[in-house]
Amino acid sequence: MKKEKIIKPTLPKGTRDFLPAQMLKREKVLNLIKSVFEKFGYDPLETPAFENLEVLSGKYGEEGERLIFKILKRGEELKEALKQKSFSEESTQQLSDLALRYDLTVPLCRVIAMYPNEIKLPFKRYQIQPVWRADRPQKGRYREFYQCDVDIVGSSSILADFEILQITNEILAQLGFTKFLIKINNRKILTGIVEYCGIEPGRGNEISIILDKLEKIGKGGIKKELQEKKISSKVTDKLLPVLEIQGSYQQILEKLRNYLKDSKIGIEGIKETEELFSYLEKSEIPKENYKLDLFLARGLEYYTGPIFESVVESPPIGSLTGGGRYDKLIGIFLGRDIPATGTTIGIERIIDAMTELSLLPEVKTKTEVLVTIFNPETKLNSLQIAEKLRRSGFKTEIYFGEKDGLRDQIGYANSKGIPLVIIIGPEEIKQNKIVIKNLKSGTQESISADELVDKVREILA
RNA sequence: GUGGGUGUAGCUCAACCUGGUUAGAGCAUCUGACUGUGGAUCAGAGGGUUGCGGGUUCAAUUCCCGUCACCCACCCCA
């Protein structure tokens, strides 16, 4: 083939191939996460990669809306839509009728609303699938990435939120993170603060996102951003003392209660938070793993109650998990509300973080044994040994390479990270023996053929 | 959507600021030392239109402009 005919192999930005070595790491993390989900009684669910556009739009706020990957209409419908004289931003709705899923929460809500007779409440499901966002990629951010969601649908109990936190804690701890922090807040508290300060209710979300930056930009920064948003200084003056609140969660909530005493919703949020923390305090979750953060906000519009997010100090990679309660979202599809809560475990960032912290050992293959073929006359002996090993449950490979010298075969096993090599040549066949070579230790021994399985088991143990 | 940085061998980078022989190194790959045995060592080999296009110049990897790609930060988020 001529050089100019080659299509340059490229990847769309923000997407990745996962070669075997990376897949083995991912699988390890995913299997652990899955086993924790199942330990708490959750069953799997999958939904299509794309949904009808109307299912997704209007759920993620203005910013999220822009990041939805829309799919162009096809065939006659596209031709029809293209007949418009001019196109505006709104016309994307007419050119597109489908979109790639943006998260797993909205599809879950759609499912709940679609199968009221099949799904028994409370419904506990986990879902591990890719989602797509038309974002600009950067560290820890991709345009195609996997989310691992756990949710409980049909319970308004704070115990459900507590269980989500238990799961989050257990997963992060089991993965080997020692210093992580689950930040906890309540959307109702944020609403209460907004009410107390006299900010118009419609701007609550916008303002709480600014408050969320407290740690990052400090009080001065917040003041400045509020000014830019044309928030009156009267409001800011009322807000600043609230930003000062510190102490144990009891102290924080006590002080907050004074400020929010006239906000019915604010008091509700405080009560929920007290209840949630009372469970946490009595649980096995170490106190240093969680913290009340009055200004934690989540950009997604659909949260209504407790909200949470977990972070690690290093490496700096944003949040590893994020979730909360969304009691009104299912109602959009069903016509009546069903309470729900859950979280996303951000596996991409978890893997990136674990890689940086060297928490994921390099594994090149899962293969345990390579059976070499000495020469054409002995190949049947090799095949029989391979079959025997597989029957005993060992991951066993036979060498198929073009270069078939013993040195090439052992070199292949070495570079691929296969720990054991079986050699069976004319000598061994004559004596009913097998040479078993341990590439890790560099030792090898000649054993009788019927010792093989036990010996392999012993070395691999 | 806004701002910044970087593009040189398969990978990580050097040479660029201050233009001047055949653009180097490490790792990786291949060959041999090694006729039934990997890693280590030694000897050798292959691999480049310096992202692309244009400009300045006797001369451009080097300076200038454009363009594309990637990375980083902001916004927002996992």
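Side-chain atoms are counted along with the backbone in the values below, which use heavy atoms only and exclude waters and symmetry mates. Protein chains get the first letters and strands the later ones, always in sequence-line order, with residue 1 at the start of each.
Across all strands shown, I423(A) has heavy atoms under 4.0 Å from base atoms, whether or not it also approaches the sugar-phosphate. At a threshold of 4.0 angstrom between heavy atoms, the contacts of G140(A) include nucleobase atoms, whether or not backbone atoms are also involved. Note on Y142(A): a base of the nucleic acid sits closer than 4.0 angstrom, heavy atoms only. Counting non-hydrogen atoms under 4.0 angstrom, S415(A) reaches nothing in the nucleic acid. Using a 4.0 Å heavy-atom criterion, one finds that Y146(A) contacts no nucleic acid atom at all. At a threshold of 4.0 angstrom between heavy atoms, the contacts of K440(A) include nucleobase atoms, whether or not backbone atoms are also involved. Across all strands, G442(A) comes closer than 4.0 Å to base atoms (heavy-atom distances). At the heavy-atom level, K437(A) lies under 4.0 Å from base atoms of the strands shown. Using a 4.0 Å heavy-atom criterion, one finds that G411(A) contacts the sugar-phosphate atoms exclusively.
Side-chain atoms of Q444(A) and base atoms of U37(B) include a donor and an acceptor less than 3.5 Å apart. Contact annotation: side chain of R349(A) to base of C77(B), donor-acceptor pair present below 3.5 Å. Applying the 3.5 Å distance criterion, the base of C34(B) shares a donor-acceptor pair with the side chain of R407(A). Side-chain atoms of R133(A) and base atoms of C76(B) include no donor and acceptor less than 3.5 Å apart. One donor-acceptor pair, N or O on each side, does fall under 3.5 Å between the base of G36(B) and the side chain of E428(A).
Here the side chain of R143(A) pairs a donor or acceptor atom with the backbone of K13(A) at under 3.5 angstrom. Formation of a donor-acceptor pair under 3.5 Å by the N185(A) side chain with backbone atoms of L294(A) is found in this model.
Nearest nucleotide to the I410(A) side chain, out of G36(B), U37(B), A73(B): U37(B). In this structure, of G36(B), C76(B), C74(B), it is G36(B) that holds the atom nearest to the side chain of L406(A). Comparing G36(B), G1(B), C70(B) by their nearest atom to the side chain of V435(A) picks out G36(B). Closest to the side chain of I209(A), out of G38(B), C76(B), G3(B), is C76(B). Of the candidate nucleotides G36(B), A73(B), U37(B), G36(B) has the atom nearest to the side chain of P426(A).
Residue Q138(A) places no side-chain N or O under 4.0 Å from the OP1 or OP2 atom of C71(B). A sub-4.0 Å separation between OP1 or OP2 of G36(B) and a side-chain N or O of K430(A) is absent.
Looking at E272(A) and R325(A), no side-chain N of the basic residue comes within less than 4.0 Å of a carboxylate O on the acidic one, giving no salt bridge. In summary, E348(A) and R26(A) engage in a salt bridge, as defined by a charged side-chain N under 4.0 Å from a carboxylate O. Between E362(A) and K25(A) there is a salt bridge, with a side-chain nitrogen of the basic residue lying less than 4.0 Å from a carboxylate oxygen of the acidic one.
Atom P of nucleotide G39(B) and atom CG of L420(A) are separated by 18 Å, given to the nearest angstrom. The interatomic distance linking D212(A) (CG) with C76(B) (P) rounds to 9 Å, in whole Å. As rounded to whole Å, 16 Å separates atom P of C77(B) from atom CG of L320(A). Here the P atom of nucleotide C77(B) and the CD1 atom of I345(A) are 18 Å apart, to the nearest Å. One atom, CG of L11(A), and another, P of C71(B), lie 10 Å apart when rounded to the nearest Å. For K139(A) and C75(B), the NZ to P distance is 17 Å, given to the nearest whole Å. What separates CD1 of I434(A) from C1' of G36(B) is a distance of 16 Å, to the nearest Å. To the nearest angstrom, P of A73(B) lies 13 Å from CG of D135(A).
Under the Watson-Crick or G-U wobble criterion, with both distances below 3.5 Å, C34(B) is left unpaired in every strand shown. Across every strand in view, C70(B) sits in a pair with G5(B) that passes the Watson-Crick or G-U test at under 3.5 angstrom. Nucleotide A45(B): paired with U29(B) (Watson-Crick or G-U wobble, both distances less than 3.5 Å).
In this structure, Y399(A) and Y412(A) have perpendicular ring planes: the angle between them is above 60°, well past the 30° mark. Relative orientation of the Y302(A) and Y60(A) rings is perpendicular, given thresholds of 30° and 60° on the angle between their planes. Between Y303(A) and Y326(A), the two ring planes are perpendicular [angle over 60°; tilted spans 30° to 60°].
Both the sub-6.0 Å distance and the 45° axial angle are not jointly satisfied by R133(A) relative to the ring of F145(A).
The 5' end of RNA chain B is approached more closely, in terms of each residue's nearest nucleotide, by K403(A) than by the other of K403(A) and G425(A). Map G64(A) and K13(A) each onto its nearest nucleotide of RNA chain B; the residue landing nearer the 5' end is K13(A).
One P atom belongs to A33(B), the other to G39(B), and the distance between them is 13 Å to the nearest Å. Atom name P, nucleotides A23(B) and G51(B): the rounded distance is 15 Å, in whole Å. To the nearest whole angstrom, the two C1' atoms, one in G24(B) and one in A9(B), are 11 Å apart. Here, U67(B) and G4(B) have their P atoms 14 Å apart, quoted to the whole Å. Spacing between U50(B) and U22(B) at atom P, rounded to whole Å, works out to 14 Å. On the P atoms, C27(B) is 38 Å away from C74(B), given to the nearest whole Å. One P atom belongs to G53(B), the other to U61(B), and the distance between them is 12 Å to the nearest Å. With both ends at atom C1', the span from G1(B) to C75(B) equals 8 Å, rounded to whole Å.
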